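This report refers to the structure that appears directly beneath it.
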Amino acid sequence: MMKTNDNTLPEYNPHLIEPEIQKLWETNKSFEVTEDTTKEKDYCLSMFPYPSGKLHMGHVRNYTITDAISRFKRMNGKNVLHPIGWDSFGLPAENASMQNKKPPSEWTHTNIAYMKEQLKQMGFSYDWKRELATCTSDYYKWEQWFFIQMYKKNLVYRKNSIVNWDPVDKTVLANEQVIDGRGWRSNAIVERREIPQWFLRITNYAKEILEDTDTLNWPDEVKQMQKNWIGQSKGTEIIFIVENLDYKIKVFTTRPDTLFGATFIAIATEHPLVKYANQENINDFIEETKKTAINEAAIETLEKKGVFSGLYAIHPLSGDKIPIWIANFVLIEYGTGAIMSVPAHDERDHAFALKYNLPIVQVIKPKDNSNIDISSEAFTQKGILINSCTSDKYNNVSFDDMNFNEASDAINSLLIDNNLGAVKTNYRLRDWGVSRQRYWGCPIPMINCEQCGCIPEDEKNLPVLLPIDNINLDNGSPLKTMKEFYETNCHICKSKAIRETDTFDTFFESSWYFARYCSYDADVMLDDRVSYWMPVDQYVGGIEHAILHLLYSRFFQKAMADILPYTIDSLKEHILPREPFTSLLTQGMVLQGGVKMSKSKGNTVDPQELIDKYGADTVRLFTMFAAPPTISLEWSNTGVEGAYRFLKRFWRLATNHIKNVSLKNNNSTNIVHSKLNSKQKNIRNKIHSTLAKVIDDYNRRFTFNTVIAALMELTNALNKFEISDDIDTYIYDEGIKIIILSLSPITPHISSKLWEMMGNNPDITFIDFPVVDTEALEVDQLEIIVQVNGKLRAKILVTKDLEDDELKSTALENQNVKKFVTSTPKKIIIVKNKLVNIVV
RNA sequence: GCCUGGGUGGUGAAAUUGGUAGACACACAGGACUUAAAAUCCUGUGGGAUUUAACUCCCGUGCCGGUUCGAUUCCGGCUCCAGGCACCA
């Protein structure tokens with residue numbers, strides 16, 4: 001019999017199998033792809049890693065997911081592009097460099113080499129010929145080029161913007177380097193400093209990005225987050241004139257109906273009007289405000305403070321004099337940097353007015369005329385106007401008794417007619433500041449010429465190479481002191497010029513790498529191969545990228561679609577997609593002891609130990625089994641043993657089967673389902689219902705944990721299945737093969753080896769995925785749940801599609817059901833082939 | 001503070017469209033095999049009640065309330081945790 005233990009069988013040894021199978025893939029070039037118009041393309045992509053040193057569990061999780069999807073799709077006849085690369089510019093390399101005195105370039109390339117080896121050990125099915133690293137000039141040359149194209153299209157501009165300034169180290173700090181308002185190295189209190197920086201006009205695309213969001217097959221929460229981030233609001237821009245100054249303050253409000261309740265104006269400390277302020281304590285206030293961090297979370301949780309500027313604005317319609325305050329909660333970067341404050345109808349303004357004893361004037365009353373006490377609490381709902389009447393200048397027009405819509409329209413019209421305002425759509429989204437005062441990034445290809453001013457570098461001179469030798473980072477970015485880097489000549493007038501020493505935000509690199517994979521070796525930014533592969537069909541990455549990276553990439557894709565067909569010859573006849581990622585799977589965070597496994601903080605678990613001990617298949621299996629991809633997961637090693645045990649158990653089951661049966665006579669086409677006995681029908685039902693579930697989970701749900709659970713159940717069922725004749729053996733063989741192939745996207749090495757041992761070619765990359773025998777899914781008898789008043793009281797076995805009346809009487813005959821049906825049932829609810837609920 | 005998720009046994013989780021709560025594992029306990037250990041296999045395992053036992057019953061999906069014949073699932077309120085908040089990537 002088959003299931004006796006036989007110690008002559010080869011043991012499961014991943015350390016022998018895995019390198020052997022990986023070698024085979026390499027020899028066969030199994031995962032290299034080219035454009036093949038006869039096959040349906042499928043572009044499956046993981047967010048590329050930052051080469052922090054070694055793989056962590058978050059990487060393993062992310063890359064196993066796309067690997068499983070890629071492998072599944074290849075087995076379904078798709079031409080699958082599955083590339084990988086390195087997001088290799090960024091802050092951690094500079095920090096590491098300061099610690100260990102190795103140049104960032106060397107540190108980065110060492111890390112890439114090590115991590116590449118790890119990825120290969122994991123058996124991920126990448127097309128390695130497309131590998132790219134963003135820190136190489138082959139890559140960043142093209143983003144310098146594209147930046148110049150965007151400059152030509154007026155998508156680039158320069159303006160002053162605020163950064164964190166460490167007054168001791170005399171460097172700009174990233175938000176992450178500011179800890180409780182102090183520089184992480186110097187411990188000095190961080191200041192705000194305004195410096196000129198380059199911006200991309202992402203707001204030009206705000207409307208399109210917003211509107212296209214609904215076309216994406218992305219998680220609803222990500223779409224909602226992006227919509228809220230873009231934050232479209234329709235409202236009114238209103239002009240207040242400053243008394244005794246020829247100065248107009250613009251404010252934006254979504255509640256023009258509350259205009260007559262505006263009792264003061266609040267402006268940001270960086271607002272240009274501040275220089276006219278004439279109160280003594282203002283400088284102290286500004287100095288204090290300068291010492292708060294620049295991130296929104298810090299500003300929003302700050303105690304709301306302000307100071308009177310000594311200036312007054314004239315209310316545009318009432319003509320009243322209202323004070324102008326400088327406030328720490330108004331952001332210069334957001335909107336116009338000034339707001340009209342209506343304490344009666346806005347909570348923040350209300351609190352501020354109470355604190356500084358400013359007037360609170362009610363101009364809205366509830367629709368139902370209920371009593372409200374405006375002195376204790378703001379009334380923020382829309383209602384009916386009161387106390388809203390213009391001055392003589394505008395003929396004492398009253399807006400009282402109007403509702404929100406009527407009042408807004410009437411007030412807007414009056415403002416527009418008198419050039420005091422405009423109806424406007426505002427976005428919360430701000431233009432993208434791409435300048436970084438750092439070394440390890442792509443140089444911004446701009447020069448400052450004494451004669452010609454600030455202009456782009458000549459495209460012929462690209463790339464502007466980042467120097468990588470003799471780098472010392474102790475005093476901030478070395479580019480700022482390297483004459484050989486920044487001294488240059490203007491390519492137009494040949495006079496002396498100074499090169500821009502800032503580098504790009506690293507989100508710049510990650511906003512188009514997905515397109516470069518298609519044209520990995522092109523001598524232009526992109527070529528017509530992108531029109532075959534793009535857009536990415538399935539993108540997978542961490543939920544922490546739900547907004548920034550994914551939004552910037554959408555902007556870039558739209559900008560590329562607008563620019564490249566007019567600038568690159570091979571793209572002239574092409575229409576590029578306007579969205580980069582058709583479907584998105586956001587992977588949950590991998591936590592360690594409840595802490596985010598940050599790429600830059602180094603508190604990572606090294607999966608290498610697990611690979612060394614159990615092999616890649618076990619690590620892949622466990623990572624997928626531990627949880628569905630979307631939820632965050634606190635990593636723990638418990639359970640890896642279980643995954644390993646399962647593989648060993650399945651290996652034994654399969655190898656026993658291989659050894660004990662003659663493969664030649666073993667043919668599942670000998671199975672005629674209708675002629676099987678009930679034991680055989682049952683196990684075939686289990687085999688094929690499992691397969692159906694597996695296919696659905698791979699295809700639609702991406703819940704690999706339930707794929708594995710179902711296959712474990714099937715393995716347990718086969719283990720219990722007693723073989724007594726040839727037909728049993730055929731069915732058993734069918735089950736084993738289905739498990740091997742169903743597992744193969746997740747555990748490709750063991751599957752390949754077992755497949756080979758069953759007499760087949762071990763390269764299963766393009767084997768057809770098994771097909772469900774729908775006949776095997778049919779059953780004669782079903783278990784029906786019987787409830788009384790919604791509580792489970794019995795399970796009854798009945799024939800399929802039993803008539804309702806018969807089902808009712810069968811249910812009511814059940815002894816346990818009888819105990820609870822003490823009176824005539826009021827109602828009996830039947831869910832066909834599933835449930836009976838008797839209501840008494 | 002704002003935006004977006006989430007909370008189910010000792011642990012990771014399952015329950016896919018409102019219909020059996022806890023599949024599949026981990027851990028633990030007991031047993032088999034072994035001189036012993038490892039490995040492997042078998043049994044049990046949410047809490048409680050009852051019973052020789054089988055069965056059966058009550059409670060239970062963060063908290064409070066609602067809708068429904070029926071709620072882990074839908075709605076309202078709260079609470080705690082996580083992600084993001086524009087210079088970490």
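Not measured: the values here are computed from a predicted model. Chain identifiers are assigned alphabetically (A, B, ...) following the order of the sequence lines, protein sequences preceding nucleic acid strands; residue numbering begins at 1 within each chain.
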Opposite nucleotide pairing with B:U17, Watson-Crick or G-U, both atom distances under 3.5 Å | none
Has A:K834 got a side-chain N or O lying under 4.0 Å from the OP1 or OP2 atom of B:G19?
-> no
Base paired to B:C74 (Watson-Crick or G-U; both N/O distances under 3.5 angstrom) | B:G66
Rounded distance (Å) that lies between atom P of B:U56 and atom CZ of A:F820 | 10 Å
Would you mind pulling out the nucleotide paired to B:U56, Watson-Crick or G-U wobble, both distances under 3.5 Å?
-> B:A49
Assign A:L548 to base, sugar-phosphate, or nothing according to its heavy-atom contacts below 4.0 angstrom with the strands shown.
-> base
Shortest non-hydrogen contact from A:L473 to A:S97?
-> CD1-OG, 3.3 Å
Think A:N816 has a side-chain N or O under 4.0 angstrom from the OP1 or OP2 of B:C57?
-> yes
Evaluate the side-chain hydrogen bond (donor to acceptor under 3.5 Å, both in side chains) criterion for residues A:W432 and A:D505: first the C-alpha distance (whole Å), next the side-chain angles of each, then the deciding distance (0.1 Å), finally the verdict.
-> CA-CA 10 Å; A:W432 175 14; A:D505 177 5; 2.9 Å; yes
When rounded to whole Å, the CD to P distance for the pair A:E634 and B:G12 reads 8 Å
Answer yes or no: side-chain N or O of A:N837 and base N or O of B:C69 forming a donor-acceptor pair under 3.5 Å.
-> yes
Going through the distances and angles, do A:W512 and A:Y552 end up as a ring-ring contact (aromatic ring centres under 6.0 Å, His included)?
-> CA-CA 9 Å; A:W512 71 287; A:Y552 291 145; over 10 Å; no
Give A:M712 one of three labels, base, sugar-phosphate or nothing, depending on what nucleic acid heavy atoms sit under 4.0 Å from its own.
-> sugar-phosphate
Find the partner of B:G30: check Watson-Crick (N1-N3 plus N6-O4 or O6-N4) and G-U wobble (N1-O2, O6-N3) distances, both under 3.5 Å, and reply none if neither fits.
-> B:C42
Which part of the nucleic acid, if any, lies within reach of A:I708 when heavy atoms closer than 4.0 Å are counted: base, sugar-phosphate only, or nothing?
-> nothing
Base partner of B:A23, which must satisfy Watson-Crick or wobble distances under 3.5 Å | none
How would you label the contact of A:A626 with the nucleic acid (heavy atoms, under 4.0 Å): base, sugar-phosphate, or nothing?
-> sugar-phosphate
So what does A:R348 touch, heavy atoms closer than 4.0 Å: a base, only the sugar-phosphate, or nothing?
-> nothing
Looking for any heavy atom pair under 4.0 Å, which part of the strands does A:R793 touch: base, sugar-phosphate only, or nothing?
-> sugar-phosphate
Test A:F48 against every option in A:Y513, A:W86, A:Y539 by the ring-ring contact (aromatic ring centres under 6.0 Å, His included) rule and name the one that passes.
-> A:Y513
B:U40 base / A:R649 side chain donor-acceptor hit below 3.5 Å | no
In whole Å, what is the span from the CE atom of A:M589 to the C1' atom of B:C81?
-> 14 Å
For B:C41, does OP1 or OP2 lie under 4.0 Å from any side-chain N or O of A:N719?
-> no
With both distances under 3.5 Å as the test, what is the Watson-Crick or G-U wobble partner of B:A82?
-> B:U4
For the pair A:K170 (side chain) and A:P167 (backbone), establish whether a donor and an acceptor sit closer than 3.5 Å, ignoring hydrogens and angles.
-> yes
Is the base of B:G46 syn or anti, if syn means a glycosidic angle within 90° of 0?
-> anti
With ring centroids as reference points, do A:F646 and A:W651 lie under 6.0 angstrom apart?
-> no
Roughly how far apart, to the nearest Å, are B:U20 and B:C26 at atom P?
-> 26 Å
Atom CD of A:Q815 to atom P of B:C55: distance rounded to whole Å?
-> 16 Å
Counting just side-chain N and O atoms, does A:S632 come under 4.0 Å of either OP1 or OP2 of B:A82?
-> no
If we take the C1' atom in both B:A21 and B:G70, what is their distance in whole Å?
-> 14 Å
A:I230 atom CD1 is separated from B:A86 atom P, nearest whole Å, by 17 Å
Minimum-distance nucleotide to A:N716 side chain [options: B:A13, B:A27, B:C24] | B:C24
Looking for any heavy atom pair under 4.0 Å, which part of the strands does A:E11 touch: base, sugar-phosphate only, or nothing?
-> nothing
Remember a base hit wins even if backbone is also touched, and classify A:F646 as base, sugar-phosphate or nothing at under 4.0 Å, heavy atoms.
-> nothing
B:A15 OP1/OP2 closer than 4.0 Å to side-chain N/O of A:R701 = yes
Closer to the 5' end of RNA chain B via nearest nucleotide, is it A:I631 or A:A643?
-> A:I631
Sugar-phosphate, base or nothing in reach of A:T630, heavy atoms under 4.0 Å = nothing
May I ask you to evaluate whether A:R428 reaches the phosphate of B:C85, defined as a side-chain N or O under 4.0 Å from OP1 or OP2?
-> no
How far does the C1' atom of B:G47 sit from the matching atom of B:U8, given to the nearest Å?
-> 14 Å
Think A:K720 has a side-chain N or O under 4.0 angstrom from the OP1 or OP2 of B:C42?
-> no
Please state the P separation for the pair B:G62 and B:U72 - nearest whole angstrom.
-> 9 Å
Would you classify A:T301 as touching base, sugar-phosphate or nothing, given that sugar-phosphate means primed atoms plus P, OP1 and OP2, and contacts are heavy atoms under 4.0 Å?
-> base
For A:D696, report the nucleic acid contact type (base, sugar-phosphate, nothing); a contact means any heavy atom under 4.0 Å.
-> base
Could you tell me whether A:W229 contacts a base, only the sugar-phosphate backbone, or nothing, with contacts defined as non-hydrogen atoms closer than 4.0 Å?
-> base
Take atom P in B:G18 and the same atom in B:G6, then report the distance between them in whole Å.
-> 15 Å
Could you give the CG-to-C1' distance, from A:N814 to B:U20, as a whole number of Å?
-> 14 Å
Roughly how far apart, to the nearest Å, are B:G7 and B:U61 at atom P?
-> 13 Å
If we only count heavy atoms from C-beta on, is the A:F508 to A:F89 side-chain gap below 4.5 Å?
-> no
Just call it for A:Q787: base, sugar-phosphate, or nothing, with non-hydrogen atoms closer than 4.0 Å on any strand.
-> base
Quantified in whole Å, what is the P atom distance between nucleotide B:G46 and nucleotide B:U11?
-> 13 Å
Please state whether the phosphate of B:U4, meaning OP1 or OP2, lies under 4.0 angstrom from any side-chain nitrogen or oxygen of A:N228.
-> yes
Counting only side-chain N and O atoms of A:K648, is one of them less than 4.0 Å from OP1 or OP2 of B:U40?
-> yes
What is the nucleic acid contact for A:V178, judged by heavy atoms within less than 4.0 Å: base, sugar-phosphate only, or nothing?
-> nothing
